[in-house]
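Every chain is numbered from 1, with letters handed out A, B, ... down the list of sequences. Keep in mind it's a predicted model, so treat the numbers as computed, not measured. Computation of the quantities below employed the complete heavy-atom set of this structure, encompassing side-chain atoms and omitting hydrogens, waters and symmetry-equivalent molecules.
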Amino acid sequence: MIEVIDSARCTSCDICVNVCPTNVFDKTSGVPVIARQGDCQTCFLCELYCPEDALYVSPFADQAQAIDLIALRQTDAMGSYRRAVGWTDGTRDRRGDDRSYLLFGH
Amino acid sequence: MTIQPNRAERVYAPTGSVEFEADVLVLGGGPAGTWAAVCAAERGARVVLADKGFCGTSGATAAAGTGVWYVDPNPALREAAMANREKLGGHLQDRRWMARVLDRTYQQSNRLAECGYPYPIDDSGKSQRNSLQGPEYMRLMRKRTKQTGVTILDHSPALELLVDDDGAVAGASGVRRQKDDRWTVRAKAVVIATGGCAFLSKTLGSNVLTGDGYLMAAEAGAEFSGMEFSNPYAISAAFGSVTKTLFYGWATFTHDDGSVVPGAASKGGRSAIARALLEGPVYARLDKADDEVQRQMRVSQPNFFLPFDRTGIDPFKDRFPITLRLEGTVRGTGGLRIVDDSCATSVAGLYAAGDAATRELICGGFTGGGSHNAAWAISSGTWAGQGAADYARQLGTIGGRKLSRSGTIAYRSRSRRAFEPAALAKAVQREVFPYELNYFREASRLEGALARLDAAWHDVSEADAASKADLLRAREGAAMLATARWMYRSALARQESRGMHRRDDFPEQDDRQRHYVTAGGLDEVWTSVRPHADAAYAEAAE
Ligand SMILES: Cc1cc2nc3c(=O)[nH]c(=O)nc-3n(C[C@H](O)[C@H](O)[C@H](O)COP(=O)(O)OP(=O)(O)OC[C@H]3O[C@@H](n4cnc5c(N)ncnc54)[C@H](O)[C@@H]3O)c2cc1C
Ligand code: SF4
Ligand code: SF4
């Protein structure tokens, strides 16, 4: 489930509010809030669309997890999905990396 | 020459609501809905597309990504592609439909390439087109939808259809949940592309898929086919949502004590996993993947690894607990019955595409790992969009039709009993999640579940209208409840095992039941059978 919006990184662009399919976030006059965490479907798509790598979705789908943001910032978890699919400036060449055709039919 | 797209017209509406006039209204903005919208607009129709979530991220494909039944137009390859799944699907497929889906999917995938989808190039220099990355694909489809002049309403779940005096579907209405108001679109034709129903199981990307389109269509009189094929369960880490199962083909499944679960496999042995889960925890380790395969896996499905990387699990070395999450009709094959090549339903003005429509014509009673669903979404979306546009054009100008709203449950004030959507959703889940009810079916257990579901339907029928804040959840709960009743009624009607439908009391496939089960009804759910095309032709020739 979505656990954190890092207010130090967030620019209040509200993209996450728009793209979350289950309407988890609410706009505010500043950083959006996680208004309905229980509705999160753990799809990780808000992370993909956040231009600032300011969001973190914990992989636990059914339970909220306590998150230590300071420690989390030390890891490379935030933004890792975006980089893996080639949605950051430095990783664009990964968009055509799909090797599924070698794996189908196993 | 650039063609000026026709746009839907926003018309005057009282405060608290917005209204549009369109030729075609598409409900749902996954692959089926976006293909439908684009293809209707390309025929000159003024189109509105309304999505419950955000068109581009919402639905099963956007979050999960899909293999696609893309087969080169080489007769031998096409023949093999059709033949090799017929047994799994219980021989309910229809060759003519399979062939036209293969053709259409091939064409439309190639169009995606022209539009800039970054298909990978293999070592021989060939562009490989049998897999689509979900976020990438659906971001592109949103862009194409906008470029063709379609008006997109995001965060705008449709909640009920509008019908004219003759019962033809003529629009829909819903809420704009981020604006806290209502929307209404009057249209000459409506395409239901709201996906399947996964009962809020948190299978990847699917909590927006609660069968809303089924309920709305049924309220307008539509019928279903193949709703007994509605019990696929997908593997994920026990704690996680990523129900992508391809890589479990390289897994070893073990009991708590480390012993191997006999017969367990992702493909062809999933029921052994379900039976083991009834006894206790089951673990997986992808220990059959060598280094090269591991590398290919990482670049092919990056989201598969998120749950592991973020918990410090090495899925190739460590064993981790798994579960099976119900996917209902998302990777089941039942859905709205379509009556002709344009994916029209049995109700005038109403079309169906993607998971909302039955996929029996190309998958029979089984899908999974076959990429047929994605091919169906593309093809049926194309046909439904074109069919709806043609129907709208034929209708011509039809000013002054008197339209009425067709919503039932959660709209009617029947008593002072409050509507409790959360409790309703839980009650439905209690009947459809358990493996012993839904994975492994048997008459008396199905009848017990149906009696409780029918009672729940009666109960919500008597409830008060839902409050404005609860309306969406109330309609979702009612849709899940209705879906469960069509599923189990159809499951009782099929007294054999075929495709994914597995009856403990009828473990064998029965040649005399190579037919389709039709279902419908709200207060009274009914079923009947229709012959398979082969049988129908044989009869006609007699
Ligand atoms: C984990 C996973 C993996 C899969 N892998 C494969 C695969 O490899 N190959 C394959 O062929 N298939 C696969 N599938 C199935 C495939 O994803 C679906 O068949 C496909 O997404 C169907 O497209 P669709 O447009 O019909 O539905 P969806 O993509 O689910 O889209 C439905 C849309 O309707 C919207 N909606 C719902 N209710 C309403 C409402 N009331 N009003 C307005 N909008 C509404 C939703 O928000 C959503 O955007 C997979 C499914 C899952 C869950
Ligand atoms: S998308 Fe990222 S930067 Fe934009 S508002 Fe959301 S968290 Fe902040
Ligand atoms: S993970 Fe998905 S459902 Fe959860 S907040 Fe992010 S976008 Fe929304």
Side-chain angles (χ1 to χ4, degrees), chain A residues 1 3 14-27 32 35-36 38-49 56-63 65 67 72 75-78 80-87 91-106, chain B residues 51-54 56-59 62-65 67 118-122 128-136 154-155 177-178 200 202-208 236-237 239-242 246-247 249-250 267 293 295-303 305-311 325 369 371:
Chain A
M1 288 195 274
E3 290 295 350
D14 288 338
I15 290 175
C16 54
V17 184
N18 285 331
V19 302
C20 170
T22 59
N23 197 32
V24 162
F25 306 100
D26 273 344
K27 286 180 193 171
R36 288 164 294 273
D39 288 346
C40 173
Q41 60 172 358
T42 317
C43 65
F44 305 97
L45 286 168
C46 50
E47 280 192 26
L48 270 192
Y49 276 83
Y56 178 75
V57 178
S58 140
F60 291 87
D62 303 312
Q63 269 144 13
Q65 299 286 313
I67 297 290
L72 189 65
T75 71
D76 64 357
M78 290 172 95
S80 61
Y81 186 26
R82 226 154 66 83
R83 292 189 294 278
V85 297
W87 277 25
T91 61
R92 300 267 174 231
D93 54 332
R94 291 188 188 163
R95 290 169 64 223
D97 269 359
D98 190 349
R99 289 293 172 271
S100 298
Y101 60 90
L102 296 172
L103 299 168
F104 288 142
H106 173 76
Chain B
D51 195 283
K52 180 192 280 185
F54 179 82
T57 60
S58 201
Y119 284 112
I121 310 288
D122 71 14
Q128 288 286 345
R129 299 186 177 168
N130 61 359
S131 164
L132 287 165
Q133 297 290 328
E136 189 77 45
D154 293 307
H155 294 290
R177 60 184 182 181
Q178 293 191 338
L200 300 173
K202 293 200 176 154
T203 190
L204 193 58
S206 298
N207 268 28
V208 286
S236 72
F239 56 85
S241 60
V242 184
L246 177 68
F247 298 170
W250 284 265
K267 254 200 266 178
V293 167
R295 253 195 314 279
Q296 291 160 359
M297 286 176 167
R298 283 228 168 240
V299 296
S300 299
Q301 297 189 4
N303 56 355
F305 294 94
L306 295 173
F308 304 118
D309 293 347
R310 291 181 181 191
T311 50
R325 290 187 189 267
S371 314

Rounded to the nearest 0.5 Å, what's the gap from SG on A:C43 to NZ on B:K202? Could you check?
-> 11.5 Å
Test side-chain hydrogen bond (donor to acceptor under 3.5 Å, both in side chains) on A:S80 and B:R310 and set out the steps.
-> CA-CA 10 Å; A:S80 61; B:R310 291 181 181 191; 3.1 Å; yes
Considering only heavy atoms and a distance below 4.5 Å, find which of B:F239, B:Y119, B:W250 pairs most often with chain A.
-> B:W250
Selection from B:D51, B:V293, B:D122 maximising heavy-atom pairs under 4.5 Å formed with chain A | B:D122
Residue A:L103 versus chain B: region with a heavy atom under 4.5 Å = both
Using a cut-off of under 4.5 Å on heavy-atom pairs, state which of A:T22, A:N23, A:L102 scores highest against chain B.
-> A:N23
Please state whether the side chain, the backbone, both or neither of B:F305 comes within less than 4.5 Å of a heavy atom of chain A.
-> neither
Proximal component of A:C46, with respect to chain B [non-hydrogen, under 4.5 Å] = neither
Which residues share a side chain to side chain donor-acceptor pair (under 3.5 Å) with B:S300, sequence neighbours left out | none
Portion of B:D154 that has a non-hydrogen atom of chain A nearer than 4.5 angstrom = neither
In terms of heavy-atom proximity below 4.5 Å to chain B, should A:E47 be classed as side chain, backbone, both, or neither?
-> side chain
Minimum-distance pair of heavy atoms, taken over all atoms of B:V208 and A:P21 = CG1-O, 3.6 Å
Can a donor-acceptor pair be found between the side chains of A:D98 and B:S131 at a distance below 3.5 Å?
-> yes
Name the member of A:G86, A:S58, A:G105, A:S100 that forms the most heavy-atom pairs with chain B at distances under 4.5 Å.
-> A:S100
For residues A:Y49 and B:P135, report the shortest heavy-atom separation together with the two atoms involved.
-> OH-O, 4.4 Å
Distance from A:D26 atom CG to B:Q178 atom CD, nearest 0.5 Å?
-> 8.0 Å
Taking every heavy-atom pair that is under 4.5 Å apart, which of B:D309, B:N303, B:T311, B:L246 has the most such pairs with chain A?
-> B:N303
Determine yes or no for a side-chain-to-main-chain donor-acceptor pair under 3.5 angstrom, with A:Q41 supplying the side chain and B:S206 the backbone.
-> yes
So what's closer than 4.5 Å to chain B heavy atoms on A:R94: side chain, backbone, both or neither?
-> neither
What heavy-atom pair brings A:C20 and B:H155 nearest, and what distance separates the two atoms?
-> O-CE1, 3.0 Å
Where B:G240 and A:A61 come nearest, the two heavy atoms and their spacing | C-CB, 3.9 Å
Engaged part of A:F44 at the chain B interface, taking heavy atoms whose separation is under 4.5 Å | side chain
Closest approach of B:P120 and A:R99, non-hydrogen atoms and distance?
-> CB-NH1, 3.6 Å
Highest number of heavy-atom pairs under 4.5 Å with chain B: which of A:T75, A:D39, A:N18?
-> A:N18
Which residues share a side chain to side chain donor-acceptor pair (under 3.5 Å) with A:T91, sequence neighbours left out | A:T88
Atom group of B:L200 that falls short of 4.5 Å from chain A, counting heavy atoms = neither
Can you check whether A:V19's main-chain N or O pairs, donor with acceptor, with B:T57's side chain at less than 3.5 Å?
-> yes
Identify the heavy atoms of A:Y101 and B:N130 that sit nearest to each other, and give their distance.
-> CB-OD1, 3.6 Å
